[in-house]
Amino acid sequence: MKEVRTRFAPSPTGYMHIGNLRTALYGYLYAKKQGGKFILRLEDTDSKRYVEDAVQIIYDTLRDAGIEYDEGPDVGGEYGPYIQSQRAEIYQAYAKKLVELGGAYYCFCDKERLESLKDENGVGRYDKHCLHLSKEEVEAKLAAGVPYVIRQNIPAEGSGTYEDLVYGTVTVDYKDIEDGVLLKSDGLPTYNFANVIDDHLMGITHVIRGSEYLSSTPKYNLMYDAFGWKRPAYIHLPPIMKNSHEKLSKRNGDASYQDLVAKGYIKQAIINYIALLGWSPKSNQEKMTLDELKENFSLSGLNKSPSIFDEPKLRWLSGEYIREMSAEEFAALAMPFLQKSKAYGKYPEEKLLKMVQPRVEVLEEIPSKLDFLEEYGPFDPALYFNKKMKSDAEIAKKVLPAAREVLAGLENFENAALYEALVALAQREGMKNGQVLWCVRIALTGRENTPGGASEMAELLGKERCLQRIDAALAALNG
RNA sequence: GGCCCCGUGGUCAAGCGGUCAAGACAUCGCCCUUUCACGGCGGUAACACGAGUUCGAUUCUCGUCGGGGUCACCA
């Protein structure tokens, strides 16, 4: 059997959208699963839409996400060039050949005539006017330098059918397809033409793309047939939606891959999550590395209905990845975010990191989880109240002075020692552990919730700050 | 509007004629616990609707409704 070759063919018009990335991912996964090749090709035939950094963003995103292409503009390959704007002569030659084969024809109609074909709603189809030009007339106009395009000659009757690997049999009547432009007057091909020529020339066996091409695929097949080429297998993918009726798009300000990374979602989690949008593994295991995805990917798991991008689930997955990281891995990723916290530089880094690792799902949450350390100030004494701990402000008044004494006399200011000392205090006073622990933690932080208990907070703050804060808390209570 | 496609809980998503209709996220409750988080356990929650076909339909067919896509010298 022939080697599987898939391709990702983005148009460099801006950022990498989640949907595009998923298309690339599936193409990559499928090729790798089959032991084949994955190719990157740039479809930049629309000079008007070209965006400067877009090409670099495509390279960077793919690389960053771990999606490696075997052939492409910046890595080479034997089917290059992989940038369509550099293949103009190729398309022109094939366009002429298609004209000879009867699959296309020259069209000299000007904009006005084309406009006149449309009704008041701007809807109207080309009427094959130039198809009926004689060979001599065409030669004459060509020789006279009349601007032209080459149009595909769609049969007036009949229909085209193909088997999509996810959608099944798709049929479209030829009468519903227009004689589209294949070669523009600027000499560059339209997508409709370039993708067919390139996919064939580059040996693409499986075309994986968005479902927006579902109903235009029959016209591509017409070209494959006219040239006598083997049609590729088609795998159309349902869109990723923002909600039930809007597609996810950068234009609407929806998150792109780089936006998500910037927020601190773990890359593997993003890839893992988007793999799950529209595809489901045979097993119930959802958390998978890229390698595991490669191993488990199969077309039969592809879904044909649109899926909505659900950030909460991405968050969860991201959190799963964070929790399983080593302290070193986490530190490397978390540092830029930690530096944005008010607590940065004022407390031991490792302690801060250790405290936060099991409590964040997205790295950008780090500052807000730690800032409170530097925001200590007057607080509502009602915080001392906790039903389950059987604690309140009155208890605090009794606990705090004693706790201060204990802390002040403590040599070893480490979590375990602190905990032991505080619990011993509770015993001595005939109180519940929680009464002491709760009051101390509140006095130390002024917060109902903190990323650690009383002893952990005390260790982090250090003896000096602990004593200061307890004094302040006591003063407020008695004042 | 024509044509193409889609329709299982709030979301993702198994299912492929006979199931008490999986699982995950979210949500709610309980447990664990020095608060929170983590972790453990459990609950609420779905086959869009209507006709067929069939002994039997979430699964097959048709229609309705709903949604998406496409009708460019954009991809």
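Residue numbers start from 1 in every chain, and the chains themselves are labelled A, B, ... in the order their sequence lines are given, proteins ahead of strands.
- The base-pairing partner of B/G50, taking Watson-Crick or G-U wobble contacts with both distances under 3.5 Å, is B/C62.
- A/Gly301 comes within 4.0 angstrom of the backbone, heavy atoms only, and of no base.
- Heavy atoms only, all atoms of each residue included: A/Lys369 and A/Arg359 are closest at CE-O, 3.1 Å.
- Distance check: A/Ile240 CD1 to A/Leu277 CG gives 5.0 Å after rounding to the nearest 0.5 Å.
- You cannot call A/Tyr191 stacked on the base of B/C74; the centres under 5.5 Å and planes under 30° rule is not satisfied.
- Closest to the side chain of A/Asp310, out of B/U34, B/G23, B/C25, is B/C25.
- The distance from atom CG of A/Asn272 to atom C1' of B/C25 is 13 Å, rounded to the nearest whole Å.
- Counting non-hydrogen atoms under 4.0 angstrom, A/Phe309 reaches nothing in the nucleic acid.
- With A/Tyr148 as the aromatic partner, A/Lys141 does not meet the cation-pi criteria of under 6.0 angstrom to the ring centre and within 45 degrees of the ring axis.
- For A/Thr190, the listed nucleotide lying nearest its side chain is B/C73; candidates were B/U35, B/C25, B/C73.
- At the phosphate of B/C74, OP1 or OP2 sits under 4.0 Å from a side-chain N or O atom of A/Lys184.
- Base pairing of B/C3: its partner is B/G69, meeting the Watson-Crick or G-U wobble criterion (both donor-acceptor distances under 3.5 Å).
- The side-chain tip of A/Arg151 points at the ring of A/Tyr126 from less than 6.0 angstrom away and within 45° of straight on.
- Heavy atoms of A/Asn303 sit under 4.0 angstrom from primed sugar atoms or phosphate atoms, though from no base atom.
- Closest to the side chain of A/Ile308, from the set B/C6, B/G23, B/U11, is B/U11.
- Taking a pair to require two hydrogen-bonding distances under 3.5 Å in either a Watson-Crick or a G-U wobble arrangement, B/U34 remains unpaired.
- Nucleotides B/U19 and B/G10 place their C1' atoms 24 Å apart, quoted to the nearest Å.
- Judged by distance alone with a 3.5 Å cut-off, a donor-acceptor contact links the side chain of A/Lys388 to the base of B/U33.
- A donor-acceptor contact under 3.5 Å is formed by the side chain of A/Lys313 with the base of B/A24.
- Among the heavy atoms of the strands lying under 4.0 Å from A/Glu448 is at least one base atom, whether or not backbone atoms are also near.
- At the heavy-atom level, A/Arg323 lies under 4.0 Å from the strands shown only through sugar-phosphate atoms.
- Between A/Arg359 atom CZ and B/U35 atom P the separation is 11 Å, expressed in whole Å.
- Side-chain nitrogen and oxygen atoms of A/Lys219 include none within less than 4.0 Å of the OP1 or OP2 phosphate oxygen of B/C3.
- Comparing A/Ser307 and A/Leu437 along RNA chain B, the residue whose closest nucleotide (by nearest heavy atom) sits nearer the 5' end is A/Ser307.
- Taking atom P on both nucleotides, B/C25 is separated from B/A37 by 16 Å, rounded to a whole Å.
- Below the 3.5 angstrom threshold, one finds a donor paired with an acceptor across the side chain of A/Ser455 and the base of B/U34.
- In this model, a donor atom of one side chain and an acceptor atom of the other lie less than 3.5 Å apart for A/Ser326 and A/Glu329.
- Counting non-hydrogen atoms under 4.0 angstrom, A/Met457 reaches nothing in the nucleic acid.
- Along RNA chain B, the nucleotide nearest to A/Leu183 and the one nearest to A/Val170 differ in position, and the one closer to the 5' end is contacted by A/Val170.
- Using a 4.0 Å heavy-atom distance criterion, A/Asp164 is classed as making no nucleic acid contact.
- Taken from CD in A/Glu459 to CD in A/Glu414, the straight-line distance is 6.0 Å, to the nearest 0.5 Å.
- Put simply, the side chain of A/Ser185 and the base of B/C73 share a donor and an acceptor less than 3.5 Å apart.
- Residue A/Glu320 is in sugar-phosphate contact alone, with no base atom involved, counting any heavy-atom pair closer than 4.0 Å across all strands shown.
- Using N1 to N3 plus N6-O4 or O6-N4 for Watson-Crick, or N1-O2 and O6-N3 for G-U wobble, each under 3.5 Å, B/C55 pairs with B/G18.
- When heavy atoms are screened at a 4.0 angstrom cut-off, A/Tyr273 is found touching no nucleic acid atom at all.
- The A/Tyr167 side chain lies nearest to B/C5 when the options are B/C5, B/G23, B/G69.
- A/Thr45 comes within contact range of the sugar-phosphate backbone alone, with a heavy-atom separation under 4.0 Å but no base atom that close.
- If you check B/G29 for Watson-Crick or wobble pairing at under 3.5 angstrom, you find it paired to B/C41.
- With rounding to whole Å, A/Asn195 atom CG is found 15 Å from B/C74 atom P.
- Distance, A/Leu317 CG to B/C38 P: 15 Å, rounded to whole Å.
- Picking from B/A75, B/G69, B/C73 the nucleotide with the shortest atom distance to the side chain of A/Lys247 gives B/G69.
- Taking atom P on both B/G15 and B/C32, the two are 40 Å apart, rounded to the nearest angstrom.
- The same atom, C1', is picked in B/C31 and in B/A46; the two are 29 Å apart, to the nearest Å.
- When heavy atoms are screened at a 4.0 angstrom cut-off, A/Asp176 is found touching the sugar-phosphate backbone but no base atom.
- Here A/Ser280 reaches the OP1 or OP2 of B/A14: one of its side-chain N or O atoms lies under 4.0 Å away.
- Residues A/Tyr213 and A/Tyr191 bring their aromatic ring centres within 6.0 Å.
- Heavy atoms of A/Glu178 sit under 4.0 angstrom from primed sugar atoms or phosphate atoms, though from no base atom.
- The A/Leu214 side chain lies nearest to B/C5 when the options are B/C5, B/G68, B/C74.
- Here, B/A13 and B/A75 have their C1' atoms 31 Å apart, quoted to the whole Å.
- Here the separation of B/A14 from B/C47, taken at their C1' atoms, is 13 Å to the nearest Å.
- Contacts of A/Gly319 with the nucleic acid, taken as non-hydrogen atoms under 4.0 Å apart, are absent.
- A ring-centre distance under 6.0 Å is not found for A/Tyr224 and A/His200.
- Nucleotide B/G9 forms a pair with no other nucleotide shown, judged by Watson-Crick or G-U wobble geometry with both contacts under 3.5 Å.
- Annotation: A/Tyr26 is in aromatic contact with A/Phe297 [ring centroid separation under 6.0 Å].
- Ring to ring, A/Tyr162 and A/Tyr234 are close: their centroids are under 6.0 angstrom apart.
- The separation of B/C55 from B/C41, taken at their C1' atoms, amounts to 42 Å, rounded to a whole angstrom.
- One can find a donor-acceptor pair under 3.5 Å joining the base of B/U35 and the side-chain atoms of A/Arg441.
- Rounded to an integer number of Å, the gap from A/Arg315 CZ to B/C12 C1' is 17 Å.
- Rounded to the nearest Å, the gap between the C1' atom of B/A45 and that of B/U53 is 32 Å.
- As judged by a 4.0 angstrom heavy-atom cut-off over every strand, A/Ser216 is placed among residues making no nucleic acid contact.
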